[in-house]
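Here's the structure we're looking at; comments come further down.
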Amino acid sequence: MSESTTIVIFGASGDLAHRKLLPALFNLYRKNRFPDNFQILGFARRPWDDEKFRVEMEAAATEFCSYDYSYDEWLEFAEHLHYISGNITDQGDFKSLASRLEQLEPGPSDRMFYLATAPRFFLKIVESLGLLGLVEESEGNRRVVVEKPIGTDLASAKALNKGLREVLKEHQIFRIDHYLGKESVQNLLVFRFANAIFEPIWNRNYIDHVQITVAEEVGVGHRAGYYDNVGVLRDMFQNHLLQLVALVAMEPPANFEADAIRDEKMKVLRSSRPFSAEEVSKETVRGQYRGYREASGVAPDSQTETFAALRLHIDNWRWQDVPFYLRSGKLLAEKCTEIAIQFKRPPIQMFPLPQDFEMTANVLGMCIQPDEGIHLKFEAKVPDTAAETRSVDMEFHYRDSFGETSIPEAYERLCLDALQGDATLFTRAETAELSWSYIDTIIAAWHSPDGPPLTSYEPGSWGPEEAHDLLSRDNRWWIRTCGDHSDPVIDPLHK
Ligand code: BG6
């Protein structure tokens, strides 16, 4: 970082800036992570001035900061907040932005431009920045953070990446996937590669299958206008779920550098077996919660999926024949993101147990949220029996080991990394495109006349029955390792 840093937020009056960016930046300030000289300049259409921007951001801090702070801290931070009202499609407003930057910056400064606007403005902004020379790096770093979605299919992702690269170098582009900023997601690499005991068994010889669940309790709410054109496959699978698959399945990287890690993740995506149109019907499930079509902003005959499940295969030496079952949906029974690694059962059953008794397989559960931690389920002898066994749970919870307040918001980590030029937790162009080519095949098959039917599910359930069938026909069940495991339908292991 140079002596001075400027963060320009396009879309500074919007939801993302209020809910996520402002609380993250304020907390970074409180932790002394900025240089002495820094300024945050909001750019948006609303006719605000610095004073009004500060008032608005104060309200955002009151509502969305999850930590305690003193009013004095807020006042100090607020002095660094500035605002310029402008229209993204007006070159004149970008010239005003350029002059404002010159006024605010004491000399050569690093600049981070954060695109927190609707995606249709991304290229327009970058083009204008380019035309005015605002992203030339002669006087400091110039970085551009691009919010999701990176396109809505392969063709649009390629067009966006191409447009970005016409103005910027790849090292200047930071494509956000906020899941990668979650502490418990970053811990996946540490868990796998900072411990000697797991990696030797992290393969097809010991692992029966992997499950990834990203369940949300909320419905589409006020985002129906956006969501109804998108659906869960584009909204959650193309980015968050495939990134989790890559982190679980990747080979050890050569080192902890951004490109070494991202190269290994790419290889996983490259080895993911593409579906043929016929396979899509067997290997995927699409569901819509009852009542979705009545939500305001949703087409009355909407075919948009709010739930999906699929069986993914990775064709390589480590994972051949180990299915990865993925599911995600809205308005499900509870909010939870977890990864369950189910190990193979012992090869023989030597205990005096009833003949048809099947011992529970060992399961490693990685709880990404909300109760961040790790669970290892293994068999133990029930006391005062000859040899009856039962599954017990060895648990690690972040809050117990590191305290309630130790987990920063994903955006904190991501903003800091982008400011420091560390791209490890950001998505490369090719990765976004590879993910789209995987997802596009499924979407195309879903929309073809022979595609699988859109099933429906009850709000507050765990999705359509078909999602359970996807596993039960392999003699497997969805497993819950974190939170309350009392639901026998999804978790026969805990009956
Ligand atoms: C976003 C999706 O990327 O992730 C939302 O657009 C979804 O639809 C959200 O609700 C979930 O994020 P988190 O961090 O709450 O799991």
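One-based numbering, in listed order, for ligands and for the atoms of each. Keep in mind that this is a model prediction, so the values were computed, not measured.
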> Would Phe10 and Phe121 count as a close aromatic pair, with their ring centres under 6.0 Å?
Replying inline: no

> What do the steps show when you test Glu430 against Arg262 for side-chain contact (heavy atoms from CB on, under 4.5 Å), and what is the final call?
Replying inline: CA-CA 10 Å; Glu430 308 86 292; Arg262 298 190 299 175; over 6 Å; no

>> On a heavy-atom basis, which atom in Trp319 and which in Trp202 lie closest, and how many Å separate them?
In response: CZ2-CD1, 3.7 Å

>> Per the salt bridge (charged side-chain N to carboxylate O under 4.0 Å, His left out) rule, what does the pair list look like for residues 144-154, sequence neighbours excluded?
In response: Lys148-Asp235

> What residues form a side chain to side chain donor-acceptor pair (under 3.5 Å) with Gln369, not counting sequence neighbours?
Replying inline: Tyr179, Lys182, Thr337

>> Per the salt bridge (charged side-chain N to carboxylate O under 4.0 Å, His left out) rule, what does the pair list look like for residues 207-219, sequence neighbours excluded?
In response: Asp208-Arg476, Glu216-Lys330

>> So if I only count non-hydrogen atoms and take anything under 4.0 Å from ligand 1, which residues does that give, chain by chain?
In response: Lys148, His178, Tyr179, Lys182, Glu216, Arg223, Asp235, Met236, His240, Lys330, Lys335, Gln369

